[in-house]
Amino acid sequence: MPVSREQLMDKIVALTKRRGFLYPSSEIYGGISGFYDYGPYGVAMKRAIRDLWWRHMVELRDDVVGLESTLIMPSEVWAASGHLTNFVDPLRQCLGECKKRWRADHVLGDRCPECGGPLDDARMFNLMFKTHVGPVEDRASEVYLRPETAQGMFVDFKNVVNSTRVRVPFGIAQQGRAFRNEITPGNFIFRVREFELMEMEYFVRPHHDEEAFDYWRKERLRWYTDVLGVKRERLRMYDHPKESLSHYSKQTTDIEYEFPFGWGELEGIANRTDFDLTVHQERSKQDLTYMDPETNERYLPWVIEPAVGADRVLITLLLDAYDEDVVNNEPRVVLRLHPNVAPVQVAVVPLSKKQELIDVAQRVQQSLRGQFRVEYDQTGGNIGRRYRRQDEIGTPFCITVDFDTLQDEAVTIRLRDTTEQERVKIAALPERLVTLTS
Ligand code: GAP
């Protein structure tokens, strides 16, 4: 049953809170705008997203290596990268009743969208969070929490080249927290102030950028459709016009998703040229050039960068999967998540609380644990209610242990999407689930 786009976000916000995916951060103290905590199912799902990204960007390839750099880096890094001067948004504040602050490019005209009061002139606001290292809070001790993970990969470029056997073209990938003091966080976890970035810098020979750019555009789109199961018709590629490019980019394509509030950026794929290595070489006065053993040339490689936030992937998957239908004359809410990303892949449910059934169900559960994300559910309520609870968190398979199991050593697999059921021998269960999952 189609769910109205207007209501969809509200329903997801309510479901994720009710079912333990996401909570407002520090809620008992009134919360803090733009920050969210991940509950048990949210964590499981976010970890799955990160693992699938790492698997496809690093482990399944022989040309990409990983890195974990620090969240705090010296100010020189951000001076060199241009973030100190360019990582800014235009800010306007209401001079009327509500005093609300707005991103100037998000409001039309000179009146506050909230209370209709006049807005002041736009001024530039840097989005980086500042703090100090050491006990003295002076200019010299100022540092910033990273707004992107990318700079760690540029600053460590020479270390990676010197300590491993990578050869251009190759990539360095990193996942980790990034912090942005967004003027207007919103649309739930679409725009937050602390989030998990997943970025890869792919180094190529100078001017060999076009081919790599095209390759990564296609490859990244494929990840969403084939690995995460996002509906193709809700995705599109958006090529940025020259005037809207970031300060470091020659060319950027966004993979966009059709969110309830309109098309929005899911992932950015940028052609950063040799911008970053050049500025770091200049400022650090270190030689960051690469000696190409094939061409015998020394150069600063160019860079293609796919970058995406895990939180934004998660909200996309939830919105994409949400559905309401009717089963046995009863309405149900169901998250049609791909088994790869479902927080629980298999729920094991004994039909009743009889000890014989519990014993078998726990044995089944143990045999699947480690291979799948498994939940054991013997809580009260009839079996239908338990199925519906699993539907609501997106569990693709429920395994029911019933009285026949005691005779035939077989269980029922109940499929979330069709609610169809099939009988399978316990011994054949893991193999059958692998087939159904892939
Ligand atoms: N190093 C390039 C870079 O950081 P970006 O377009 O600013 O590029 C990359 O960010 C991705 O990070 C976005 O496509 C989006 O998925 C995610 N992202 C950016 N800002 C975010 C925010 N405030 N909250 C959640 N995710 C965000």
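Numbering of ligands and ligand atoms starts at 1, following listing order.
Close contacts of ligand 1 with E199, meaning ligand atoms under 4.0 Å from a residue heavy atom, involve 1 (N), 2 (C), 3 (C), 4 (O). Every atom of ligand 1 is numbered from 1 in the order shown, and the set under 4.0 Å from a heavy atom of E267 is 14 (O). Using a 4.0 Å cut-off to heavy atoms of E182, the atoms of ligand 1 that qualify are 22 (C), 23 (N). Of all atoms in ligand 1, listed by their number and element, those nearer than 4.0 Å to a heavy atom of L197 are 9 (C), 11 (C), 12 (O). Near L266, the atoms of ligand 1 lying under 4.0 angstrom from a non-hydrogen atom of the residue are 14 (O), 15 (C), 16 (O).
In this structure, K11 pairs ionically with E324, as a charged nitrogen and a carboxylate oxygen lie closer than 4.0 Å. Salt-bridge formation is not detected for the pair D323/R416: no Lys NZ or Arg NE/NH1/NH2 atom is positioned less than 4.0 Å from an Asp or Glu carboxylate oxygen. A salt bridge between D89 and R180 is absent, with no side-chain N of the basic residue lying under 4.0 Å from a carboxylate O of the acidic one.
For atom 4 (O) of ligand 1, the closest non-hydrogen atom of the protein is R180 NH2, 2.8 Å. At the top of the distance list for atom 25 (C) of ligand 1, counting protein heavy atoms only, stands F190 O, 3.2 Å. The shortest contact between atom 13 (C) of ligand 1 and any protein heavy atom is with E265 OE2, 3.3 Å. Closest to atom 18 (N) of ligand 1, if we only count protein heavy atoms, is F195 CE1, 3.6 Å. Ranking the protein heavy atoms by distance from atom 8 (O) of ligand 1 puts Y248 OH, 3.9 Å first. Of the protein's heavy atoms, R312 NH1, 3.5 Å lies nearest to atom 15 (C) of ligand 1. The nearest protein atom to atom 24 (N) of ligand 1, hydrogens excluded, is given as V192 N, 3.0 Å; this is a heavy-atom distance.
Distances from ligand 1 to the non-hydrogen atoms of R272 include at least one value under 4.0 Å.
With sequence neighbours left out, the ring-ring contact (aromatic ring centres under 6.0 Å, His included) criterion links F21 to Y41. For K17, the side chain to side chain donor-acceptor pair (under 3.5 Å) test picks out E27, with sequence neighbours left out.
For the side chain to side chain contact (heavy atoms under 4.5 Å, CB included) criterion with Y36, the lone passing option out of F188, F195, Y23 is F188.
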